[in-house]
Amino acid sequence: MKLGETKLVQKTKKSYRVARPKQTGFSSPATHYTEPRIDLNDVLINNPSATFYVRVIDNSFAEFDILEKDVLIIDKSLSPKNNQLAVIAKEGAFQIIRIDTNAKEEIQLWGVITYIIKSTL
């Protein structure tokens, strides 16, 4: 994603709820398949209009345990707190830093990392 490029995250309008059958006798061994699906947009995102997904393309952020193919969920509406990870714009590129409230350096905050979804492949 290039600096200045924006894409909005929208919560799904699909309903994954499954109607539970009304049955008598023993239940089917497959009844656990009728549980509703988890929508990560509903669970992990508080402010959809200010939240972005970013896929990491290399291992340059390994010091933060952020590796290639991980997905970052970034909320631009949050104010960072001490020791949180944040994405900043520096020298025309995005970088990840750990917020230090005692630092004197001025930064251009792009957003606060709220979740890191790890790739296992």
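- A chain of hydrophobic side-chain contacts below 4.5 Å, direct or via other Ile, Leu, Val, Met, Phe, Trp or Tyr residues, connects Ile66 to Ile74.
- Note that CD of Gln84 is 9.5 Å distant from OG1 of Thr114, once rounded to the nearest 0.5 Å.
- Contact check on Glu68 versus Arg55 returns no salt bridge, with no Lys/Arg side-chain nitrogen under 4.0 Å from an Asp/Glu carboxylate oxygen.
- With Lys81 contributing its side chain and Thr101 its backbone, the two residues share no donor-acceptor pair below 3.5 Å.
- Using a 3.5 Å distance cut-off with no hydrogens or angles, the side chains of Ser77 and Asn47 do pair a donor with an acceptor.
- Applying the salt bridge (charged side-chain N to carboxylate O under 4.0 Å, His left out) test to Lys69 and every residue at least two apart in sequence or in another chain returns nothing.
- Of the possible donor and acceptor atoms, one in the side chain of Arg98 sits under 3.5 Å from a partner among the backbone N and O of Asn83.
- The two residues Pro80 and Leu109 come nearest to each other via the heavy atoms CD-CD2, 3.4 Å.
- Between the CD1 atom of Ile107 and the CD atom of Gln95 there is a distance of 10.5 Å, given to the nearest 0.5 Å.
- Using a 4.5 Å cut-off on side-chain heavy atoms (C-beta onward), Glu105 and Asp100 make no contact.
- Taking the side chain to side chain donor-acceptor pair (under 3.5 Å) definition, one finds that Asn59 meets it with nothing, sequence neighbours left out.
- Partner Thr51 forms a side chain to side chain contact (heavy atoms under 4.5 Å, CB included) with one of Ile73, Leu44, Asn46 and no other, that one being Ile73.
- A side chain to side chain contact (heavy atoms under 4.5 Å, CB included) with Phe61 is found for one member of Ile116, Leu85, Leu72, Ile96 and no other, namely Ile96.
- Hydrophobic clustering keeps Phe64 apart from Ile57 (ILVMFWY residues linked when any side-chain heavy atoms are closer than 4.5 Å, directly or through intermediates).
- In this structure, Ile99 is not a member of the same hydrophobic cluster as Ile113, with clusters built from ILVMFWY side-chain heavy atoms closer than 4.5 Å.
- Judged by distance alone, with hydrogens and angles left aside, the side-chain atoms of Ser119 form no donor-acceptor pair with the main-chain N or O of Asp70 at under 3.5 Å.
- Remark: the Asn41 side chain and the Tyr53 side chain contain an N/O donor-acceptor pair separated by less than 3.5 Å.
- Contact detail for Leu67 and Ala62: the closest heavy-atom pair is CD2-CB, 3.8 Å.
- Cluster annotation: Val43 is not connected to Val112 through the hydrophobic network of ILVMFWY side chains, with a link wherever side-chain heavy atoms come within less than 4.5 Å.
- Every residue was checked against the side chain to side chain donor-acceptor pair (under 3.5 Å) condition with Lys104, not counting sequence neighbours, and none meets it.
- Only one option out of Phe94, Trp110, Tyr115 pairs with Phe52 in a ring-ring contact (aromatic ring centres under 6.0 Å, His included); it is Trp110.
- Residue Asp58 comes nearest to Val56 through the heavy atom pair O-CG1, 3.1 Å, listed as atom of the first residue, atom of the second, then distance.
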